[in-house]
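Everything on this sheet refers to the single structure shown next.
Since the structure is predicted, the reported quantities are computational estimates derived from the model, not experimental observations. Atoms within a ligand are numbered from 1 in the order they appear, just like the ligands themselves.
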Amino acid sequence: MTIIVTGGAGFIGSNFVYHMLAVHPDHKIVCLDKLTYAGNLSTLEKAVKNPRFRFVKADICDRRAVFELFEEEKPDIVVNFAAESHVDRSIDDPSVFLQTNIIGTATLMDACREYGVSRFHQVSTDEVYGDLPLDRPDLFFTESTPLHTSSPYSSSKASADLLALAYHRTYGLPVTISRCSNNYGPYHFPEKLIPLMIVNALNDKPLPVYGDGKNVRDWLYVEDHCKAIDLIIHRGRAGEVYNVGGHNEMANIDIVKLICKILGKPESLITFVGDRKGHDRRYAIDPSKIHSELGWLPETKFSDGIVKTVEWYLENRKWWETIISGEYRDYYKKMYGDR
Ligand code: NAD
Ligand code: DAU
């Protein structure tokens, strides 16, 4: 079986590549990635040595390149992780989000139709549901919660979800969609909350918490997300949406304090900065559908996963030091300079 994994040089995609190579000795994995600022070939350095792995540098919006790859590989399954994924960047400039997240997804699905794949899986996000109030802990996102997006990023992801469901209904394309909560773990790009705080704390730099720090996210260890997608592409029903999350809600400020504690750094590094525009208050997933239909449950407790993650950043300094010494410096100055 051949699986095309788009965006496999990014955070979750690379973890998925390693998971699939380890767990399915009969699968060939072909990674298609544009290598934007968020994609890093060094992340896949161990996969590249595997004869069942192939890397192709291409843009999912490039119709010719995508169709050529499908012609060569005749994939059975396509899993689309490729996306612009950072909310703050989408607020700064939405255009590339619309291009990659919407047009790119449609281009991939056109190729899937042409080459008759048995499954197109769209990796989506809980952000398509908007947010929940902090004072209603009884409320959760289910698969039937209406789409109600806040940022250009989440709007572009919701657009792609709607297109995927339309391709299923109109053309009979065997599509599945997963909507996962916030992931954390190895290879997480240091523009996102957890790796940014680890990296800044290690460098004794201020830890910039947006607004009052009380916004809540529902954190899931990345390996658990990869296992959920593996189950969905093999056993999930076409045309269905599956929410993925581990009932692990935490306020941002508590995460940052925990990282300080694990690293033995003072909380005085914490600096409250201007809030994100349109900042979603709380995300919380109800994962009962994927549990009852496919038997999925998260395996890594947050207290273990966060320690493993901090250890990974301590052991893989070269990976993130290379990133933060490049164009990231300009990004950081622009985003945090006068915040
Ligand atoms: P990431 O930003 O770390 O990686 C994105 C990858 O896509 C990079 O390797 C990049 O080079 C590649 N890419 C970007 N544009 C491309 C294009 N036009 N053509 C080909 N490749 C391109 O993202 P991530 O955090 O790993 O997220 C992966 C997917 O999972 C995204 O679709 C995101 O919306 C979704 N998601 C992320 C989270 C999370 O917590 N990170 C949670 C739920 C869903
Ligand atoms: O919920 C799934 C989503 O999780 C994914 O779809 C996105 O691709 C992914 O980036 C993530 O989105 P968030 O906006 O929740 O993640 P981020 O790490 O950017 O921010 C998490 C919270 O931390 C959020 O409330 C904003 C806050 N934050 C973030 C940064 C980068 C800070 O307080 N300070 C920061 O410097």
Side-chain angles (χ1 to χ4, degrees), residues 5-17 31-41 43-44 56-62 65-66 79-91 96-97 99-101 103-105 107-108 122-129 131 141 150-151 153-154 156-157 160-161 178-185 187-197 200 206-220 222 225 229 244-245 250-253 255-256 270-276 279-285 332 335-336 339:
V5 176
T6 68
F11 165 43
I12 311 175
S14 60
N15 278 279
F16 184 73
V17 165
C31 169
L32 182 159
D33 198 296
K34 186 181 176 182
L35 297 181
T36 66
Y37 79 92
N40 201 331
L41 209 43
T43 298
L44 291 171
V56 177
K57 183 174 186 298
D59 186 332
I60 59 167
C61 304
D62 180 344
V66 168
V79 184
N80 182 28
F81 291 93
E84 288 294 331
S85 69
H86 193 35
V87 173
D88 293 322
R89 288 186 193 253
S90 83
I91 295 166
V96 70
F97 285 74
Q99 190 62 25
T100 289
N101 298 1
I103 305 297
T105 303
T107 307
L108 288 171
Q122 173 67 1
V123 182
S124 185
T125 167
D126 61 357
E127 295 199 15
V128 299
Y129 299 122
D131 63 352
F141 298 135
S150 312
S151 70
Y153 162 70
S154 55
S156 68
K157 294 295 289 184
D161 283 15
S178 51
R179 294 183 180 145
C180 190
S181 58
N182 287 62
N183 286 212
Y184 68 101
Y187 300 115
H188 204 178
F189 194 85
E191 67 189 347
K192 308 283 168 58
L193 179 78
I194 289 183
L196 185 142
M197 296 301 166
N200 279 18
L207 308 177
V209 173
Y210 298 168
D212 60 10
K214 292 188 180 144
N215 300 64
V216 166
R217 297 293 183 263
D218 183 0
W219 294 94
L220 183 72
V222 63
H225 186 190
I229 295 172
V244 184
M250 288 187 72
N252 295 337
I253 186 69
I255 299 252
V256 180
I270 295 173
T271 314
F272 289 92
V273 299
D275 210 353
R276 174 183 278 173
H279 199 172
D280 282 337
R281 221 34 181 153
R282 169 179 169 245
Y283 302 147
I285 280 278
Y332 200 89
M335 290 297 190
Y336 296 92
R339 196 153 189 153

Name the orientation class of the two ring planes belonging to F16 and F81 (parallel below 30°, tilted from 30 to 60°, perpendicular beyond 60°). tilted
Collect the protein residues that have a non-hydrogen atom under 4.0 Å from ligand 1 and hand them over in chain and number order. G7, A9, G10, F11, I12, D33, K34, L35, T36, A38, G39, A58, D59, I60, F81, A82, A83, S85, T100, V123, S124, T125, Y153, K157, C180, S181, N182, N183
Do the non-hydrogen side-chain atoms of L196 and P208 ever get within less than 4.5 Å of each other? yes
Tell me which one of D33, N80, T107 satisfies side chain to side chain contact (heavy atoms under 4.5 Å, CB included) with I60. N80
Residue shell for ligand 2, any heavy atom closer than 4.0 Å, reads S85, H86, V87, T125, D126, E127, Y153, C180, S181, N182, E191, K192, L193, L196, M197, P208, V209, Y210, N215, R217, N252, R276, H279, Y283, Y336
Check: H86 and Y37 side chains under 4.5 Å, non-hydrogen atoms: yes
Under a 4.0 Å N-O cut-off, is there an ion pair linking R281 with D212? yes
Please enumerate all residues that pass side chain to side chain donor-acceptor pair (under 3.5 Å) together with D62, with sequence neighbours excluded. none
Could you report the tightest heavy-atom contact between S14 and L44, atom names first, then the distance? CB-CD2, 4.1 Å
Go through the structure and list residues passing side chain to side chain donor-acceptor pair (under 3.5 Å) with D131, not counting sequence neighbours. none
Where is the tightest heavy-atom contact between Y336 and E191, given as atom of each residue plus distance? OH-O, 4.4 Å
